[in-house]
Amino acid sequence: MQNLRLVFAGTPAAAVPSLERLAAGRHAVVGVVTRPPAPLGRKRVLTPSPVAQAAERLGLPIIATSRLDADATAAVEALRPDLGVIVAYGGLVREPLLSAPVHGWINLHFSLLPAWRGAAPVQHALIAGDPVTGASVFRLVPELDAGDVYATRAYPIADRETAGDLLEALAGSGAELVADVVDAIADGSARAEPQAGEPSLAPKLSIDDARLDWQRPAHEVRARFRGVTPEPGAWTTFDDDRLKVL
C-alpha cells in the first residue's frame, strides 16, 4: 500500500473540505498552490484565500501565485509530488506543470461530466433547471475538463437550493470522492473511463448574467435567481434604480 506525496491546488471555500480531508488522510500533502491575497470588503483589505487560510492552519507549505508559470512549475517540481489534486484553483494547468507529478493531476469538478464543463457548473445547472447534478473526479488533460473520469457522485437538487447551498453540499461530498480516488491511484486500483455524451459549457458568469428579466416565465426567473445567488448576485431595476434581489 503506497502513500503518495500530494500537491494540492485550490483557492475558494469550496476547495477547503478536499484539502482538509486529504491532510487528515494517509498521504502527505507536501504543498498547497493557491491564488495570492486579494482585496476584499469595502475597505479592500488584502485577504488570503480560504485555501491559504486552511493551509496555514494545517501547517502546510503555501505557493501563492496568480499564474501557473515557470516559477510556479519549478516550485511544484521541487516538492517531488507523486500526484497533483486541483479543486477550483482558478487557472489552467499546462505543460510542463501538467506532467510534473509522477501520476499527473486529478481534478474535482462540480458537475456530472461532460455536463457543464467550465468555471461555473453549479450556477449553470441551476439556471438550466437541471433536477440532478453531482461531482466528478477526472484526469487533467490540456483540453478544458475533458479528461477520463475516475468517479462520479450524483446529487438531486432540492427545490430551494441556491448556488451557494449547492456548492457547499457538493464540496463536502466531493471531498470524500476525491480522497477515495487518491487512495485508488495509490493502491493501483483506479480506473478512468472516457467521458460519454454531448458536452455542455459553463463559462464564468458576469454581472449582466445576474439581471432578472421579468418578461421571462416565472420558473426561469426563479431558476436564474437561484443560480446567481450569492455570486454574482441577482439584481433588477426599479424607476431607474438598481436593486439587489436577496
Side-chain angles (χ1 to χ4, degrees), residues 10-19 34-54 64 66-67 87-92 108-113 115-136 144-145 154-175 199-246:
T11 299
V16 170
S18 291
L19 174 59
T34 190
R35 293 275 185 160
L40 296 181
R42 291 185 178 181
K43 295 186 177 180
R44 311 301 287 167
V45 177
L46 277 179
T47 305
S49 74
V51 163
Q53 294 177 50
S66 57
R67 296 177 58 195
V87 184
Y89 162 75
L92 296 177
L108 171 62
H109 187 74
F110 299 118
S111 81
L112 297 176
L113 291 171
W116 305 124
R117 294 177 180 175
V122 170
Q123 294 91 330
H124 281 274
L126 284 168
I127 291 171
D130 291 355
V132 176
T133 186
S136 304
L144 179 67
D145 300 337
Y155 182 92
I157 300 174
D159 184 57
R160 293 182 179 273
E161 281 183 306
T162 65
D165 300 328
L166 187 52
L167 193 55
E168 182 178 358
L170 292 175
S173 61
S200 51
L201 299 180
K204 183 177 179 179
L205 296 176
S206 70
I207 191 64
D208 289 339
D209 293 316
R211 182 172 186 171
L212 302 183
D213 180 359
W214 305 106
Q215 304 305 312
R216 305 300 304 165
H219 71 276
E220 290 185 17
V221 176
R222 185 168 181 269
R224 183 163 295 271
F225 167 79
R226 292 168 64 203
V228 301
T229 300
E231 295 292 338
W235 62 280
T236 187
T237 57
F238 183 77
D239 287 344
D240 296 326
D241 290 325
R242 179 165 156 168
L243 306 175
K244 292 182 179 180
V245 181
L246 308 176

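Here, residue 1 is the first one in the sequence, and each next residue gets the next number.
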Would you call [X] and [Y] a side-chain contact if the rule is heavy atoms closer than 4.5 Å?
X	Y	answer
Leu46	Pro39	yes
Ile127	Asp209	no
Trp116	Asp130	yes
Pro12	Arg35	no
Val228	Leu126	no
Arg211	Thr237	yes

Interatomic spacing from [atom1] in [X] to [atom2] in [Y] - rounded to 0.5 Å:
X	Y	atom1	atom2	answer
Gln123	Phe110	CD	CZ	11.0 Å
Leu166	Thr229	CG	OG1	12.5 Å
Thr236	Arg242	OG1	CZ	10.5 Å
Asp145	His109	CG	NE2	4.5 Å
Asp165	Leu170	CG	CG	11.0 Å

Looking at [X] and [Y], would you say the former's side chain and the latter's main chain have a donor-acceptor pair under 3.5 Å?
X	Y	value
Ser49	Thr34	no
Glu161	Ala158	yes
Arg224	Ala234	no

Please report the closest heavy-atom contact between [X] and [Y], naming both atoms and the distance.
X	Y	result
Pro48	Ala52	CB-CB, 4.0 Å
Trp235	Ile207	NE1-O, 2.8 Å
Pro232	Ser206	CG-O, 3.5 Å
Ala163	Gly227	CB-O, 3.5 Å
Ala64	Pro36	CB-CA, 4.1 Å
Pro17	Ala171	CB-O, 3.6 Å

(message) As a quick check of understanding, evaluate side-chain contact (heavy atoms from CB on, under 4.5 Å) for Leu205 and His124, giving each step before the final call.
(response) CA-CA 9 Å; Leu205 296 176; His124 281 274; 3.5 Å; yes
For Val87, run the side-chain contact (heavy atoms from CB on, under 4.5 Å) check against Leu108, Thr11, Val16, Val51 and tell me which one passes.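 Answer to the side-chain contact (heavy atoms from CB on, under 4.5 Å) test with Val87 among Leu108, Thr11, Val16, Val51: Leu108.
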Query raised in the report: Pick from Arg216, Arg226, Gln215: which one makes a side-chain contact (heavy atoms from CB on, under 4.5 Å) with Val221?
Result: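 Per the side-chain contact (heavy atoms from CB on, under 4.5 Å) rule, the option paired with Val221 is Arg216, out of Arg216, Arg226, Gln215.
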Any chance the side chains of Ser111 and Arg117 put a donor and an acceptor closer than 3.5 Å?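 No, no side-chain donor-acceptor pair sits under 3.5 Å.
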Flag yes if more than 12 heavy atoms outside Gln53 fall under 6.0 Å of its CD atom; otherwise flag no.
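Above 12, so yes.
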